[in-house]
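Single-structure report; data block below.
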Amino acid sequence: MTPRHLLALADFSGERLRALIDRALVLKRERQAGVRHQQLSGKIIGMIFEKPSTRTRASFEAAMYGLGGLVMFLSARDTQLARSEPLKDTARVMSRYVDGLVVRTFGQKVVEELAEYSTVPVINALTDLHHPCQVLSDIMTMLEKKGDIASRRVAWVGDGNNMANSWIQAAGKLGFSLTLACPEGYEPDADILTASRAEAAKPITLVREPAAAVQNADVINVDVWASMGQEAEQEARLEVFSSYQLNDKLMKLAAPGAIVMHCLPAHRGEEISESLFEAQAVTIFDQAENKMHMHKALLEAFLLS
Ligand code: CP
Ligand code: NVA
């Protein structure tokens, strides 16, 4: 049975993920053709964010308005959550007002508890463990740019963070090979790696050297070295990750025509050089645009089912 909530990509079949990507591509074409949508008219989503956001917030709001629906944005620090009202009460109250909840928070347990008590769908808009909506729109971008998913060689360079974990789960479901280069002590979640490897059609490989991951890769992903909530580690991480910058020299090892993706925000001069970022800017900003089309597909799928 397809889950009612979108908490992590591993909860879905590869066919279901592919159908969401295909639907997002249709919605993108329709927007470009000036088609107006109203299928979520009369629906409201509540967005509860405990961390900052530019793209995810704006693209979910644009997606919901673009489908004729309405959005209620709640910054968690302005709610009673900040004064320790239990999540399970917040979930039950919000379920009475809205048709879906989009949540950005710290622990994966938080979205799991909200989902347990919510009577409306809960969509994970980033936790410390996963960023499923982002990786789905990134794979949509990979399909657009590279023409296929399963046959592509994907690399991850840097921290084994929430994005890396969601890429691993996507590889397990969608059949592309994935090589991640992470420093010792900064590997992705071990349980996620084991579970995804068990169902993956192609290898999901962990290496130390960025060059080993980038070699012959078609798609190379990078992200910040210190994620939201890790600000106190910023200085230490600059040191640990100093040899993990994706730059023009490293890119020479990639397959001809390889693309670089970055979920943004980017720290130029850290995880990616300024010149490589600008050389790949078309892909990176298409990737940001695709978040809106993908979020339309997700809102449609989860609110109308
Ligand atoms: N990529 C992403 O999730 O960006 P925001 O933090 O701006 O939402
Ligand atoms: N890994 C980053 C992603 C930001 C979109 C973070 O969690 O801050």
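We count ligands from 1, going down the list as the structure has it; atoms in each ligand are counted the same way. Below, all heavy atoms of this structure are taken into account, side chains as well, without hydrogens, waters or symmetry copies. Bear in mind that the values here come from a model prediction, so they are computed numbers and not experimental data.
In this structure the side chain of T105 reaches within 4.5 angstrom of the side chain of V111, judged on heavy atoms. Counting only heavy atoms from C-beta outward, the side chains of I284 and M261 never approach each other to under 4.5 Å.
Close contacts of ligand 1 with L264, meaning ligand atoms under 4.0 Å from a residue heavy atom, involve 1 (N), 2 (C), 4 (O). Which parts of ligand 1 touch H131 is read off a 4.0 Å heavy-atom cut-off, strictly below it: atoms 2 (C), 3 (O).
Considering backbone and side-chain N/O of R55, one or more are found under 3.5 Å from N/O of ligand 1. Taking distance alone, with nitrogen or oxygen atoms compared against 3.5 Å, L126 stays at or beyond that limit from ligand 1. In terms of N/O distances under 3.5 Å, ligand 1 is not approached by M228.
Remark: K51 qualifies as a cation-pi partner of F106 under the 6.0 Å distance and 45° angle criteria applied to the six-membered ring. Relative to the ring axis of F302, R16 places its NZ or CZ within 45° and under 6.0 Å from the centre. Cation-pi check for R152 over F176 is not met; the charged atom does not lie both under 6.0 angstrom from the ring centroid and within 45 degrees of its normal.
Within 4.0 Å of ligand 2, heavy atoms belong to protein residues L126, H131, N161, N162, D223, V224, S227, M228, C263, L264.
Among all heavy-atom pairs drawn from Q108 and L7, the shortest one is NE2-O, 3.1 Å.
Note on D286 versus K145: salt bridge recorded, some NZ/NE/NH1/NH2 to OD/OE distance being below 4.0 Å. Note on D22 versus R18: salt bridge recorded, some NZ/NE/NH1/NH2 to OD/OE distance being below 4.0 Å.
In this structure, R104 has a heavy atom closer than 4.0 Å to ligand 1.
Between the NE2 atom of H130 and the CE atom of M163 there is a distance of 12.5 Å, given to the nearest 0.5 Å.
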